[in-house]
Number of protein chains: 2
Amino acid sequence: MLNRNVYKAIAHPIRRDILKRLRAGPKTAGELAGEYDISKPSLSSHFSILKEADLIFARREGNHIYYNLNLTVANEVLAALMDMFGIEKET
Amino acid sequence: MLNRNVYKAIAHPIRRDILKRLRAGPKTAGELAGEYDISKPSLSSHFSILKEADLIFARREGNHIYYNLNLTVANEVLAALMDMFGIEKET
DNA sequence: AATCTAATTAGCTTATTCCCTAAATAGAGT
DNA sequence: ACTCTATTTAGGGAATAAGCTAATTAGATT
């Protein structure tokens, strides 16, 4: 079932941007850090909020941590919103 | 274009529930107030957050105020999320 | 085992959110 | 004009969110 925190998770513009970038494939925390004018600890906190919402998951490789988009949950969010608005999937 | 506040607006469970109930048609503030264990001023504040996000709009009739779901914006939210996640509309 | 790099956790401050009660406003009916 | 009902605005307090710097952890490398 859909974690209630997903809505809070997508409420922040940086977190939405992270999700958008992860569409294209896994990225390390460091790679993403380069994209934002924010301290690494603050960004790390955004990662953990996204993780807690199950929107992303982490995989360590050497001393890098790769973040991946969780498409299953992404789809669940969309389904929940479509249900909320009473909008059907197909055009 | 999509108001940035929509994400904050849908981040609260009561506001999501309001949207869901408005799917079925317009409701007055009073009708909705009956559904939640929250003061009327607090609920009124939720309405104004939803209004500010353009997710609902109000129409006065006598001394009732009817709230309506703005389906246009609802669709825009879905489109924005599908874009964010890189998910296509049709199955 | 010392060190380097990558990333997180701890601790703190400021801003925002969310709720409340009391007071004000808008319109309808008397 | 007064009053009743519906709803919002004002003001304030507690909880949560979001940022920072400094310190720590985890693993790789020498």
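In what follows, every chain begins at residue 1, and chains take the letters A, B, ... in the order their sequences are listed. All of these numbers come straight from a predicted model, not from anything done at the bench.
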ILVMFWY cluster, B:Leu32 and B:Leu19 together (side-chain gap under 4.5 Å)
yes
Would you please name every residue forming a salt bridge (Lys or Arg N to Asp or Glu O under 4.0 Å) with A:Lys51, sequence neighbours left out?
none
Measure CD/B:Glu52 against C1'/C:dT17 and give the value in whole Å, please.
14 Å
For A:Glu52, all residues meeting salt bridge (Lys or Arg N to Asp or Glu O under 4.0 Å), sequence neighbours excluded
none
Respond yes when some side-chain nitrogen or oxygen of B:Ser42 is under 4.0 Å from OP1 or OP2 of C:dC18, and no when none is.
no
Could you give the side-chain donor-acceptor pairs of residues 54-63 of chain A under 3.5 Å, partners two or more places apart or in another chain?
unit_1  : atom_1 : unit_2  : atom_2 : d
A:Arg59 : NH1    : A:Glu61 : OE1    : 2.5
A:Arg60 : NH1    : A:Gly62 : O      : 3.3

Tell me the interatomic distance from B:Ile38, atom CD1, to C:dT17, atom P, rounded to whole angstroms.
15 Å
Closest-nucleotide mapping onto DNA chain D: is A:Gly62 or A:Ser39 further toward the 5' terminus? I mean the 5' end.
A:Ser39
Of residues 17-24 of chain B, the positions that come close to DNA chain C - non-hydrogen atoms, cut-off under 4.0 Å:
none
Filter on salt bridge (charged side-chain N to carboxylate O under 4.0 Å, His left out), then keep only pairs touching residues 75-87 of chain A, sequence neighbours left out; what's left?
A:Asp83-B:Lys20, A:Asp83-B:Arg23
Using the closest heavy atom to pick a nucleotide of DNA chain D for each, name whichever of A:Glu61 or A:Lys8 lands nearer the 5' end.
A:Lys8
B:Tyr36 near the nucleic acid: base, sugar-phosphate alone, or nothing, with a heavy-atom cut-off under 4.0 Å?
nothing
Please enumerate all residues that pass side chain to side chain contact (heavy atoms under 4.5 Å, CB included) together with A:Ser39, with sequence neighbours excluded.
A:Pro41, A:Ser42
Who are the ring-ring contact (aromatic ring centres under 6.0 Å, His included) partners of A:Phe47, not counting sequence neighbours?
A:Tyr67
Nearest nucleotide by nearest heavy atom, which residue falls closer to the 5' end of DNA chain C, B:Pro41 or A:Phe47?
A:Phe47
Could you write out each protein N or O paired with an N or O of nucleotides 4-6 of chain C at a distance under 3.5 Å?
unit_1 : atom_1 : unit_2  : atom_2 : d
C:dT5  : O2     : A:Asn63 : ND2    : 3.4
C:dA6  : O4'    : A:Asn63 : O      : 3.2
C:dA6  : O3'    : A:Asn63 : O      : 3.3

Taking side chain to side chain contact (heavy atoms under 4.5 Å, CB included) as the definition, give me every residue that meets it alongside B:Ala79, ordered by chain and number, with sequence neighbours left out.
none
By salt bridge (Lys or Arg N to Asp or Glu O under 4.0 Å) - contacts of B:Asp17 (at least two apart):
B:Arg21
Using a 4.0 Å heavy-atom cut-off, does B:Leu43 contact any base of the nucleic acid, only the sugar-phosphate backbone, or nothing at all?
nothing
Restricting to side chain to side chain contact (heavy atoms under 4.5 Å, CB included), what partner residues turn up for A:Thr28, sequence neighbours left out?
A:Glu31, A:His64, A:Tyr66
Are B:Tyr7 and A:Leu69 co-members of a hydrophobic cluster defined by side-chain heavy atoms under 4.5 Å apart?
yes
Nucleotide range of DNA chain D contacted by chain B, 5' to 3', under 4.0 Å to a heavy atom?
D:dT5 to D:dT9
